[in-house]
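Residue indices begin at 1 and follow the sequence shown. Computed from a prediction, not measured in an experiment: that's the story for all the values here.
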Amino acid sequence: AGAMAVLRVRHCRALVYCRRAPPRCPACGGDLRQAGLTAAPDRAHRPLGSRSPLCRCRWGCAGVCGHMAVPQQPLCSPSSGYDGHGDLHVGITNSKGVVYHYDQEGVHRAASGWEQSISIPLVQPDMWELQQHWDSLLEEFSWEEAWLPHRYEEQQHNCFSFALAFVNGVRRGRGRQPLSKAQFTQTFLLPHTTEASRYLRLQQHLAHSDFFIVPLAEQQEQE
């Protein structure tokens, strides 16, 4: 179910999510084959498993270049979503997609194991100069004394501290104010984990049902 593609069909003021495009709209019974391009099925965005290099922070349960990574499992239960307080593992990727993350054994550089993580962009496409230096900044940062194994503390000096300290170091270098943990969570983490939790719930529903219908007004509110 985790790799199952989710299709989306827009028709009769509703979005129909499904595994296979139906010939008729399950909401109104209309013939979708005669509905034209507006009702053509497209693939719903999958917020898990992206391996885009640079500009990401990865969050995950197994294990960004400017991406932050978050593994999938620590999203708590798909029904409740992530509220900003549960345990998540986090890392920062370099331009080749290698995830730098910190735990009680020190800094790790993982080329695999984060395939089902959430990938959160940190570097925008127009930040050319920062992209050129990202890898060297991240590698140099990972060797700082603060990230030695014996400095690790589960609640106060952990993988989140590593990611946030690196992001704030980059922000200071660009003349920007550092972010607090709360600001970082609200700005970067919650929007993406909320989207991922919604997608996981959708996949769970479609594992036992052919369709999931969302009124368009409700979908627009969620977006």
Next on the checklist: Quick one, Val16 and Arg10 - any side-chain contact, counting heavy atoms below 4.5 Å?
Outcome noted: no
Item to check | Non-hydrogen side-chain atoms of Arg19 and Val6 separated by less than 4.5 Å | outcome: no
Item to check | From Gln104 atom CD to Asn158 atom CG, the distance as rounded to the nearest 0.5 Å | outcome: 10.5 Å
Next on the checklist: Donor-acceptor pair, distance only, cut-off 3.5 Å: does the side chain of Tyr102 make one with the backbone of Phe160?
Outcome noted: no
Next on the checklist: Tell me whether Glu140 at atom CD has more than 12 heavy atoms from other residues, nucleotides or ligands lying less than 6.0 Å away.
Outcome noted: no
Item to check | Pro178 vs Arg172 side-chain heavy atoms within contact, under 4.5 Å | outcome: yes
Item to check | No-hydrogen, no-angle side-chain donor-acceptor test under 3.5 Å, Glu105 and Tyr152 | outcome: no
Next on the checklist: Let me check something: do Leu7 and Ile213 share a hydrophobic cluster, defined by ILVMFWY side-chain heavy atoms less than 4.5 Å apart, either directly or through other members?
Outcome noted: no
Checklist entry - Heavy atoms, side chains only, cut-off 4.5 Å: are Ser142 and Arg109 in contact? => result yes
Checklist entry - Is His150 atom NE2 crowded by more than 12 heavy atoms from other residues, nucleotides or ligands, each under 6.0 Å away? => result yes
Item to check | Test item: Pro23 and Leu32 side chains (from C-beta on) under 4.5 Å apart, heavy atoms | outcome: no
Next on the checklist: Any heavy-atom pair between the side chains of Cys28 and His11 that's under 4.5 Å?
Outcome noted: yes
Checklist entry - With a 4.5 Å heavy-atom cut-off, do Asn168 and Phe166 have their side chains touching? => result no
Next on the checklist: Looking only at the aromatic ring of each residue, does the gap between the centers of His89 and Trp114 stay below 6.0 angstrom?
Outcome noted: yes
Checklist entry - Roughly how far, to the nearest 0.5 Å, is SG of Cys18 from CG of Asp210? => result 9.0 Å
Next on the checklist: To the closest 0.5 Å, what do you measure between CZ (Phe141) and OG (Ser136)?
Outcome noted: 13.5 Å
Item to check | Thr187 side-chain N/O to Phe184 backbone N/O, donor-acceptor pair under 3.5 Å | outcome: no
Item to check | Closest heavy-atom pair and its distance - Leu138, Asn94 | outcome: CD2-N, 4.0 Å
Checklist entry - Atom CZ in Arg151, atom OG in Ser161: separation rounded to 0.5 Å? => result 11.0 Å
Item to check | Flag, side chain of Gln186 to backbone of Gln183, donor-acceptor distance under 3.5 Å | outcome: no
Item to check | Test item: Arg171 side-chain N/O and Gln177 main-chain N/O as donor-acceptor pair under 3.5 Å | outcome: yes
Checklist entry - Taking all non-hydrogen atoms of both residues, which atom of Ala110 and which atom of His101 are closest, and how far apart? => result CB-NE2, 3.9 Å
Checklist entry - Glu144 side chain to Ala146 main-chain N or O, any donor-acceptor pair under 3.5 Å? => result no
Checklist entry - When rounded to the nearest 0.5 angstrom, what is the spacing between OH in Tyr100 and CG in Asp135? => result 6.5 Å
Item to check | Within-4.5 Å side-chain heavy-atom neighbours: Val90 and Phe162 | outcome: no
Next on the checklist: Go through it in stages, so that I can follow the logic: the residues are Leu130 and Val170, the test is side chain to side chain contact (heavy atoms under 4.5 Å, CB included), and I'd like the CA-CA distance, side-chain angles, deciding distance and then a yes or no.
Outcome noted: CA-CA 9 Å; Leu130 180 56; Val170 172; 3.8 Å; yes
Checklist entry - What distance do Gln132 atom CD and Leu137 atom CG have between them, rounded to the nearest 0.5 Å? => result 11.5 Å
